[in-house]
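Here's the structure, in structure tokens; my notes come after.
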2 protein chains.
Amino acid sequence: MRSYQQYCSVARALDVVGDRWVLLIVRELLALGPSRYSDLQRGLPGIATNLLVDRLRTMEADGLVVRREAPAPAGSHVYELTPRGRGLEDVLRALARWGVPSMPSGPAHDDAVQPQWTALFAALTLSRAMRPDAPLTLAIETGSESVVVTLGADGFAIERGSGGADVTLRGSASLVGGVLSGLLTVAEATRSGLVVEGRSDRLTAVLDHTLTQNGAAP
Amino acid sequence: MRSYQQYCSVARALDVVGDRWVLLIVRELLALGPSRYSDLQRGLPGIATNLLVDRLRTMEADGLVVRREAPAPAGSHVYELTPRGRGLEDVLRALARWGVPSMPSGPAHDDAVQPQWTALFAALTLSRAMRPDAPLTLAIETGSESVVVTLGADGFAIERGSGGADVTLRGSASLVGGVLSGLLTVAEATRSGLVVEGRSDRLTAVLDHTLTQNGAAP
DNA sequence: CCGCATCCGGGGCGATACTG
DNA sequence: CAGTATCGCCCCGGATGCGG
């Protein structure tokens, strides 16, 4: 991106992350951790292949990602966030929160829907409210795919699959998102077709804690 | 901006604020309040006139700004943030913080430098640490222009000029910014040429409070 | 002078095809 | 699987013009 040439930390930040797709690439890497090129393509429907490569190269030069040899047997390599790149978590959290009012309308007919996006929203907004001693695993199933989020006070992890979670949320992405953002209560969403399995009490406890935290502290 | 067409609140947010210059326009309106077209041009060196109009129209359609008749005698009109637009304060705060590591190098030879940018940084990062009963007015003089920031627990205000503030910071933007971001102590910056006048003790108290708040809270 | 509108050149971006 | 190459378009930047 062309620099704004302004000695302002906001402008400087945008010089690096203001380019199209950059923050969404960070989103994918933050959600799913070290990822291969094709994994990123899956999570970024609509991106052109040349742009994905371009962005990854630039982000590597800017110190946001590193390209490493893949672990274990795979002969390929993976892209991974650096600490500097992970520092964008606060930016993504702010954007994710600000974007909430545009979500209740539901996905347009040609919008892509992927569960790790909802999972990351949960991780970004709920992780801060976790008790240090009681992590929570949450399965999110929107459409045919599903992921499991592990929420802890010290961070989070998201993995594809649906292995034994404490709670499972199954239904349309807007219902699941509505519950996670506090716009809908679990009871309301259930009435609208959301399926909740497992320890729903633990989920509502975290949601309540998050809401009071945001409502009380200015 | 072309939509990402992803049902993700981050992508939705970027559909609205991801266009070039949009967040910097928000920065200017957040810093200086209702502004005329030419005021915005002053604060956004490098923007083309057609782009500024384009962005303002789009932002108006998206509900970020409103165009009002100018108050008092002026026959013109002003642009003002809506509550939705002001909601981007958290996004700007996160970006401003993330951009700090790119500031100590100082402005490049053709970088623009304007005091309200430094003032907004101070407002965004320090306002949260203010005691409810003790607002602080801070004059910032970098180069020939100067502004006064009023920091309160409930918000902030920035005005051009230099009328009687509690504290005055005069010097290069990187020294002033270094102190405000906590990278330099007042003593260190003073040794490097920063001039501090007035109640520097009240400034250091707020800075200390901010640092401990960010250092302690996870 | 302020607040735009118009025009034009260049580059970023999007879609597809192709290759090691 | 992980990119490279190509092409067309539209966004962006810079300049100029113009009405109130």
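Proteins get letters first, then strands, A, B, ... in listed order; numbering begins at 1 in each.
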Using heavy atoms to find the nearest nucleotide of DNA chain C for B/Val53 and A/Met1 separately, return the residue whose nucleotide is more 5′. B/Val53
Which whole-number value in Å describes the distance from B/Arg20 CZ to C/dG12 P? 10 Å
A/Ser102 side chain vs A/Gly99 backbone, donor-acceptor pair below 3.5 Å: yes
Specify the separation, in whole Å, of atom CD1 of B/Ile25 and atom P of D/dC12. 11 Å
Could you check B/Glu60 against B/Arg55 for salt bridge (Lys or Arg N to Asp or Glu O under 4.0 Å), going step by step and ending with a plain yes or no? CA-CA 8 Å; B/Glu60 196 177 1; B/Arg55 293 298 181 267; over 6 Å; no
Could you say whether A/Arg57 or B/Asn50 is positioned toward the 5' end of DNA chain D, judged by the nucleotide with the nearest heavy atom to each? A/Arg57
Measure distances between side-chain N and O atoms of A/Thr49 and base N and O atoms of D/dA2, and say whether any donor-acceptor pair falls under 3.5 Å. no
Length of the line joining B/Gln41:CD and D/dA15:C1', which is rounded to integer Å: 13 Å
Considering only side-chain heavy atoms of B/Trp21, which listed nucleotide, D/dA5, D/dG13, C/dG12, is closest? D/dG13
Name the nucleic acid region contacted by A/Ser38, choosing base, sugar-phosphate or nothing; use a 4.0 angstrom heavy-atom cut-off, strictly under. sugar-phosphate
Round to the nearest Å and state the distance from A/Asp54 atom CG to D/dT4 atom C1'. 11 Å
Rounded to the Å, how far apart are A/Asp110 CG and C/dA15 P? 12 Å
Take the protein atom OH of B/Tyr79 and the nucleotide atom P of C/dC2, then report the distance between them rounded to whole Å. 15 Å
Do A/Gln6 and B/Arg27 pair up side chain to side chain, a donor and an acceptor below 3.5 Å, judged on atom types alone? yes
Just how far, in rounded Å, is P of C/dC4 from CG of B/Leu40? 10 Å
More 5' along DNA chain D: B/Arg55 or A/Leu56, using each one's nearest nucleotide? A/Leu56
At less than 4.0 Å, is any side-chain N or O atom of A/Arg2 found next to OP1 or OP2 of D/dG14? Yes or no. yes
Quick one, B/Asp111 with A/Arg12, criterion salt bridge (Lys or Arg N to Asp or Glu O under 4.0 Å). Give me CA distance, side-chain angles, the key distance, then yes/no. CA-CA 11 Å; B/Asp111 278 357; A/Arg12 282 286 164 84; 2.3 Å; yes
C/dC4 phosphate, OP1 or OP2: any side-chain N/O from B/Arg67 under 4.0 angstrom? yes
For B/His77 and C/dC4, is the shortest distance between a side-chain N/O and OP1 or OP2 below 4.0 Å? yes
Tell me whether the NZ or CZ atom of A/Arg20 lies within the 45° cone about the ring axis of B/Tyr4 and under 6.0 Å from its centre. yes
To the nearest angstrom, the CG-P distance between A/Leu52 and D/dG3 comes to 8 Å
